[in-house]
Peer 1: 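Mind looking over this structure? Questions follow.
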Protein chains: 2
Amino acid sequence: MDVLMQSLKIGVNEKLYIKDPESSTLGKNIIEHSILLIDELGFDSFTFKKLGVKINSNESSIYRYFENKHKLLLYLATWYWGWVEYRMVFSTNGIDDPIKKLEKAVEVLTQNVEEDSTISHVNEVVLNRIIINEYSKSYLVKEVNQEDKDSFFMVCKRLVNRLSDMISAVDEEYPYPISLASNVMEGSLHQYFLKEHFPTLTNCNSTITPTEFFIDLIFRTLNKK
Amino acid sequence: MDVLMQSLKIGVNEKLYIKDPESSTLGKNIIEHSILLIDELGFDSFTFKKLGVKINSNESSIYRYFENKHKLLLYLATWYWGWVEYRMVFSTNGIDDPIKKLEKAVEVLTQNVEEDSTISHVNEVVLNRIIINEYSKSYLVKEVNQEDKDSFFMVCKRLVNRLSDMISAVDEEYPYPISLASNVMEGSLHQYFLKEHFPTLTNCNSTITPTEFFIDLIFRTLNKK
DNA sequence: ATTAATCGATAGTAATACTTTTATATTTGC
DNA sequence: GCAAATATAAAAGTATTACTATCGATTAAT
């Protein structure tokens, strides 16, 4: 997979940017260092001005790529889920046993991201951390319905639907496959957050992973054929 | 319960305010109308200046009660979880059967808030909506560890622990009671959000409630004695 | 009646979230 | 190799936010 990943380009909804950041060095710089700076400062304290200083560029130049930092976050999130989707499809492809397939899918979705694909300007380990800490802020906004109409959440929705289908493939009688799927996706981010900041609110720790918790939860819940 | 609720005062961590809003008319006004205004504008667009206009008071007067809007949100959240905790303890008290007890607890925790207790200046229906839409923003901040040390999340943590204990009372062998409890709490808010804004990502709708989904999930997961 | 606390009004500061303009590079098309 | 087009940097400007400080006026407590 490694070599394949190096040449992979994750497509992102064109409405999320003004100018495609993949189309120039400055654009790639913006992506690369916005990830690092958001991780460092938190999304709330992150500004285009600070990013400009960090990449020796100008605030106004960044505004030519992204309308505002909210759109940038949506861009990063879309990239992230596109990347997860790719890995999920890739690694479940060819597995015939629905149980093993679902297991693999949940594994990819809920696993901790541990190494980044060096070549690309996107550091997936840090991006994963941003998603855990900031993703909710991208949709917990008043404009969510309009943004949904603009398909900003399409990739994420497709991912949940894929998982839902795999759940139904294991137990077609289970009445809440989509809720279970969305619960695993969101809940996994939450368990990672708890593990880091509220260890007394989760059983996940250095030995028990969120993946184990959710695999266990899903297979206790479903009636296997 | 109604009558009891009318005289109930939910205690909130003193570090969350500068002056206790329960101690004056202005304070109560701030609470009452901040709930309505945050609901109307969303937390991100809500400011003390706008609140001042709404209650015919001054920005600087509001700053005498709360350091900033983040602390106000923490105050409202603490109040909310305190209120849920009270109702949970009250309505599970005296139930001996662990299964029925857990069922009742999950019901209170995940149920839609439908009527408010008229007397108090807190509109619980609207507050519930705020918690669904904005609660994550209260802890997804860089300062979370310090704020946790200041016990800002104590009530919420106590609630999760209560639920966790009830889970273990039904199935003491289940290895992830705290994770399941925190998952239900957070997940319930999320399912309500999805129901409202991303109906294709949840099986919850006008006939199926998040409560049904979570009760079902929990009892499929646990081995009952 | 005096003092203390509370509140409203005003003003001020620094930072944010942009927009606009202009000058300077850099690229590319011929 | 040069002109034209395009991209970027720098600077300045605006409106809003998130406060802080000051100062009377009102109200409440003793």
Side-chain angles (χ1 to χ4, degrees), chain A residues 14-34 37-38 40-76 121 134 137-138 140-143 146-147, chain B residues 14-34 37-38 40-76 121 134 137-138 140-143 146-147:
Chain A
E14 291 185 10
K15 280 192 184 170
L16 285 175
Y17 49 77
I18 296 168
K19 179 178 171 173
D20 184 359
E22 289 294 327
S23 71
S24 74
T25 315
L26 177 60
K28 285 174 194 158
N29 247 289
I30 290 172
I31 299 306
E32 179 176 354
H33 288 94
S34 67
L37 197 58
I38 290 172
E40 190 185 326
L41 305 176
F43 185 68
D44 299 324
S45 298
F46 167 86
T47 69
F48 280 180
K49 185 151 204 170
K50 290 172 187 171
L51 178 58
V53 172
K54 178 141 186 165
I55 61 176
N56 284 310
S57 180
N58 200 274
E59 198 187 358
S60 60
S61 303
I62 300 167
Y63 275 107
R64 287 206 188 80
Y65 285 83
F66 293 99
E67 218 179 306
N68 50 50
K69 70 173 180 173
H70 177 242
K71 288 270 169 71
L72 171 60
L73 181 60
L74 285 168
Y75 179 96
L76 296 177
H121 47 286
E134 320 287 358
K137 296 173 190 168
S138 77
L140 293 178
V141 294
K142 274 278 161 183
E143 304 77 20
Q146 181 55 48
E147 296 187 346
Chain B
E14 290 184 10
K15 281 192 183 170
L16 284 175
Y17 49 77
I18 297 167
K19 179 180 172 172
D20 185 359
E22 290 293 326
S23 71
S24 74
T25 315
L26 177 60
K28 285 176 196 159
N29 246 289
I30 290 172
I31 298 306
E32 179 175 355
H33 288 95
S34 66
L37 198 56
I38 290 172
E40 190 185 327
L41 305 176
F43 185 68
D44 300 325
S45 297
F46 168 86
T47 68
F48 282 180
K49 184 153 205 170
K50 290 172 186 170
L51 179 59
V53 172
K54 180 141 185 163
I55 62 176
N56 284 311
S57 179
N58 200 273
E59 198 188 359
S60 60
S61 304
I62 300 167
Y63 276 106
R64 286 200 190 88
Y65 286 82
F66 292 99
E67 217 180 307
N68 50 49
K69 69 174 180 172
H70 177 242
K71 288 270 170 69
L72 171 59
L73 181 60
L74 285 169
Y75 179 97
L76 296 177
H121 47 286
E134 321 286 358
K137 296 173 192 169
S138 77
L140 294 178
V141 295
K142 275 279 160 180
E143 303 77 21
Q146 180 56 50
E147 295 187 347

Peer 1: When you list every nucleotide of DNA chain C with an atom under 4.0 Å from a heavy atom of chain B, which one comes first 5' to 3', and which comes last?
Peer 2: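 The contacted stretch runs from C:dT6 to C:dT10.
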Peer 1: Parallel, tilted or perpendicular, judged at 30° and 60°: which one describes the rings of A:Phe43 and A:Phe46?
Peer 2: parallel
Peer 1: Under a 4.0 Å heavy-atom cut-off, which of residues 60-72 of chain A touch DNA chain C?
Peer 2: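 Close to the strand are A:Ser60, A:Tyr63, A:Arg64, A:Glu67, A:Asn68, A:Lys69.
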Peer 1: Could you state the atom-to-atom distance from CG of A:Leu26 to P of D:dT8 in whole Å?
Peer 2: 5 Å
Peer 1: So do A:Phe66 and A:Pro21 actually touch side chain to side chain, heavy atoms under 4.5 Å?
Peer 2: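 Yes, their side chains come closer than 4.5 Å.
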Peer 1: Could you walk me through whether A:Lys137 and B:Asp44 satisfy the salt bridge (Lys or Arg N to Asp or Glu O under 4.0 Å) test, starting with their C-alpha distance in whole Å, then the side-chain angles of each, then the deciding distance to 0.1 Å, before giving a yes or no?
Peer 2: CA-CA 10 Å; A:Lys137 296 173 190 168; B:Asp44 300 325; over 6 Å; no
Peer 1: Taking side chain to side chain donor-acceptor pair (under 3.5 Å) as the definition, give me every residue that meets it alongside B:Glu32, ordered by chain and number, with sequence neighbours left out.
Peer 2: none
Peer 1: A side-chain contact here means heavy atoms from C-beta on lying under 4.5 Å apart; do B:Ser57 and B:Asn29 qualify?
Peer 2: no
Peer 1: Under the rule for side chain to side chain donor-acceptor pair (under 3.5 Å), what residues qualify as partners of A:Glu59, not counting sequence neighbours?
Peer 2: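 None.
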Peer 1: Looking at residues 42-51 of chain A, who's got a heavy atom less than 4.0 Å off DNA chain C?
Peer 2: A:Thr47, A:Lys50
Peer 1: In chain order, what residues pass the side chain to side chain donor-acceptor pair (under 3.5 Å) check against B:Lys54, with sequence neighbours excluded?
Peer 2: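 By the side chain to side chain donor-acceptor pair (under 3.5 Å) rule, B:Lys54 matches B:Glu40.
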Peer 1: So do B:Leu76 and B:Ile38 actually touch side chain to side chain, heavy atoms under 4.5 Å?
Peer 2: yes
Peer 1: Do A:Ile31 and A:Tyr65 have side chains that get closer than 4.5 Å, going by heavy atoms?
Peer 2: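 SC-SC contact between A:Ile31 and A:Tyr65 ruled out.
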Peer 1: Whole-Å distance between D:dA25 C1' and B:Asn58 CG?
Peer 2: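 Value for this atom pair: 14 Å.
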Peer 1: Is a donor on one side and an acceptor on the other found under 3.5 Å between the side chain of B:Lys71 and the backbone of B:Ile18?
Peer 2: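 Checking the backbone N and O of B:Ile18 against the side chain of B:Lys71, no donor-acceptor pair under 3.5 Å is found.
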